Amino acid sequence: MIQASAVPQKGEIDIDPKYRQQREDLLALCRDHLPAVDADMIRRAFRLSYWAHRNDWRESGEKYVSHPLRVASIVARDIGLDDTSVAAALLHDVVEDTELSLGLIEDEFGATMANIIDGLTKIEGVFTSQKLGQAENVRKLMLSMATDLRVILVKFADRLHNMRTIEALSRKKQLRKASETLNLFAPLAHRFGLFPIKSELEDLCFEILNPEAYAHIVERLEEMAEERDAYIAEFIDPLAEHLEEEGFTFTIKGRVKNVYSIHRKMERKNKPIDEIYDIFAIRVILQSDGPKGKEDCWRVYSLVTDLYKPLPERFRDFISVPKSNGYQSLHTTVFGPGGRRVEVQIRTQEMHEVAERGVAAHWKYKEGTENVDEEMERFLEWVRDLLENPEPEEATEFVKEFRLNLYDEEIYVFTPEGDLLTLPQGATPVDFAFKVHTEVGMQCIGAKVNGKMVPLSQELTSGDQVEIITSEKQSPSPDWINFVVTHKARSRIRKWTNEERRKAVELGKEVWAKAKDQAGLEISDQDLQGVAHDLKFPDLQQLFYEIGKGLYDPDELVESIKGTQSDGAAPDDEEVDEVALREQYEQFLDAAQQTEQQALVIDGEVQKDLAVNYASCCNPIPGDEVFGFVSKTGTVNIHRSSCRNASDLLVNQPDRILDVDWSHQKDVQFVAALRLMGEDRVGMVNDITTVISKNLKTNIRSITIDTEDGVFSGTIMLHVSDLEHLKRLIKRLKRIDGIQGVYRFKE
Ligand code: MN
């Protein structure tokens, strides 16, 4: 460690005249842009930096000290805060890169300077750890920087100079630096209101990350420059004349958007550059201060709109309601010559400086506060407060700003630990899970994006922080194949599904063999195939699969076969009847549901006004285990938990699931449908209706009976109060002479 006594004093080191000159240029910049300049402090800082870095070189081959010198120039000119930050810029790398200690800085320049340099050294560590990107981390980072605002301001200047000289780095390093800068520094600079720095950072990054798109836009801008300049002059000249007549002191010019903003606009609007109308904006800056300034802006607005017709919906008053970074201006879009839309921004010089230099400009204009530190402390308090207790809107915006849209075809998302993963556009949490690890993908049951539960099928966006929820009991759902986009996820899901299917078919065969033996049934594979077909299974495999998965009751199959065997064949017209029946049933359900809504308790509250629909795939009645699923239109669909769509909905769209209970209102009746099969005999219908209406005081809504060759099949729709009621009814019906089966109607 270097002792203070080892540092050469004034005159003891030879400074290359080239750098001596640069030091004097820097001082001149300071005098131009800063309220007060301690030239001695800046010279001492330069000398110490020059000496400390005497053996260091930039990748470009220049002496290292050229870097802190340029950084200090940026701080002086583009941020223009104070001389302490300029001196800090000169010293920003000495503790990090040389043997100089923080203690030495403190001895030479005091505690404030040491604190800034310490902050700069620590930030460097945070940025190189690659654990950033998450809003929460960024917020923490900003908090640590918020001990002295000058830390982050100098850091911006440092990064800007590094980006300006990035060609000296390898392509790989360039890409890493550029994406980090676009992801973090540019939005942060925006947050701090440093508009020119933010814009330049964006363009430098964009040029590295997407050279073709960058070159294309730059080329088109150049080609269009002449025409654009002529148009701007045509727009400005009559306006400037009016403003002069009214006695304003002002500057007015056309400003072209930065390349990256144009690119984003093209992407957003999906239009070529020639169709983007607001590539430039006209900016009027008034030399008018204080309360009169605001008034003058409105007067100018009135003059502008006298001359050019405004689009009323494109007006923003950022003067009365400044942006959170302090930005103030009036924005209006008017129809210029030839009916072209032109954005006009009107502000005072004071507002302009805030717009360009953000927070640094804030206290320059505060009257009566000579003490920069005091004013800064007040600002930092505001920053800390904002970061610690962000308004919900503020927080979302904050996260949004960290979203990047670098490439069409790729997105960048973060793990909860802040690690960056690259995924193709359109990727979903399932793709993310498989990318993290095959096991994570296989056991994925849900996902949180930016802390919120989302459907597993939701498309991810750059900047999203994704957390996968896993369960050892979970296995991939075959439906995932419909929305995953990565090869890995696709192939793993497919492999698993095929294997599962094979296992389920095997199991189904075993289960069926047992059920068949128990029932004492004999049936050939060919006949079974026929039965499967009659039961609307595409093939035997599917029948076995559904039995294996427990989706189809083998006893039901036994009943069906007994039915066909006693008869020799299934009724030919069954299909037609089923369709007619279902329509009739659904119509009835529609009508009946009007009266049924009050019986539900959703998420602990009795729901009366909610639009509720009883899913026609499973027709739940009270007593059934149910859940609610919020449809896109806001209707709550009630499904039985055993519904074959249930696992799909529960697993894939958990955030749309509601807890539903049945309330205990016995007077409410529900619709259920039963399917009955048996012998056709005289008095059968009468027996059935008697059991239903007399014994159990159940209202029959409709009854459909078909008989053919002595076989009877019927469907009864009735009102029941709950599941118990229905079960009792089924039991009674089964006792009727000649009835072979009673089933609850499923579809
Ligand atoms: Mn540096």
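Please read these numbers as outputs of a predicted model, since none were measured by experiment. Atoms within each ligand, like the ligands themselves, are counted from 1 in listed order. In what follows, every heavy atom counts, from backbone to side chain, and hydrogens, waters and symmetry copies are set aside.
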Using side-chain heavy atoms (C-beta onward) and a distance below 4.5 Å, is His352 in contact with Arg283?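 Yes, at least one pair of side-chain atoms sits under 4.5 Å.
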
Does a side chain donor of either Asn450 or Gln465 reach within less than 3.5 Å of an acceptor in the other side chain?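 No donor-acceptor contact under 3.5 Å links the two side chains.
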
Any idea which N/O/S atom from Asp93 gets closest to the Mn ion (ligand 1)?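 Nearest N/O/S atom: OD2.
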
Write the atom name of the N, O or S atom in His92 that is nearest the Mn ion (ligand 1).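 For His92, the N/O/S atom sitting closest to the Mn ion (ligand 1) is NE2.
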
Apex the Mn ion (ligand 1); atoms Asp158 OD1 and His67 NE2; angle rounded to 10 degrees: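 OD1 of Asp158, the Mn ion (ligand 1) and NE2 of His67 span an angle of about 80°.
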
So does Asp278 pair up with Lys257, basic N to acidic O under 4.0 Å?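 Here Asp278 pairs with Lys257 in a salt bridge, since their nearest N and O are under 4.0 Å apart.
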
Report yes or no: is the cationic atom of Lys177 (NZ for Lys, CZ for Arg) under 6.0 Å from the centre of the six-membered ring of Phe185, at an angle within 45° of the ring normal?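 Ring-cation test returns no.
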
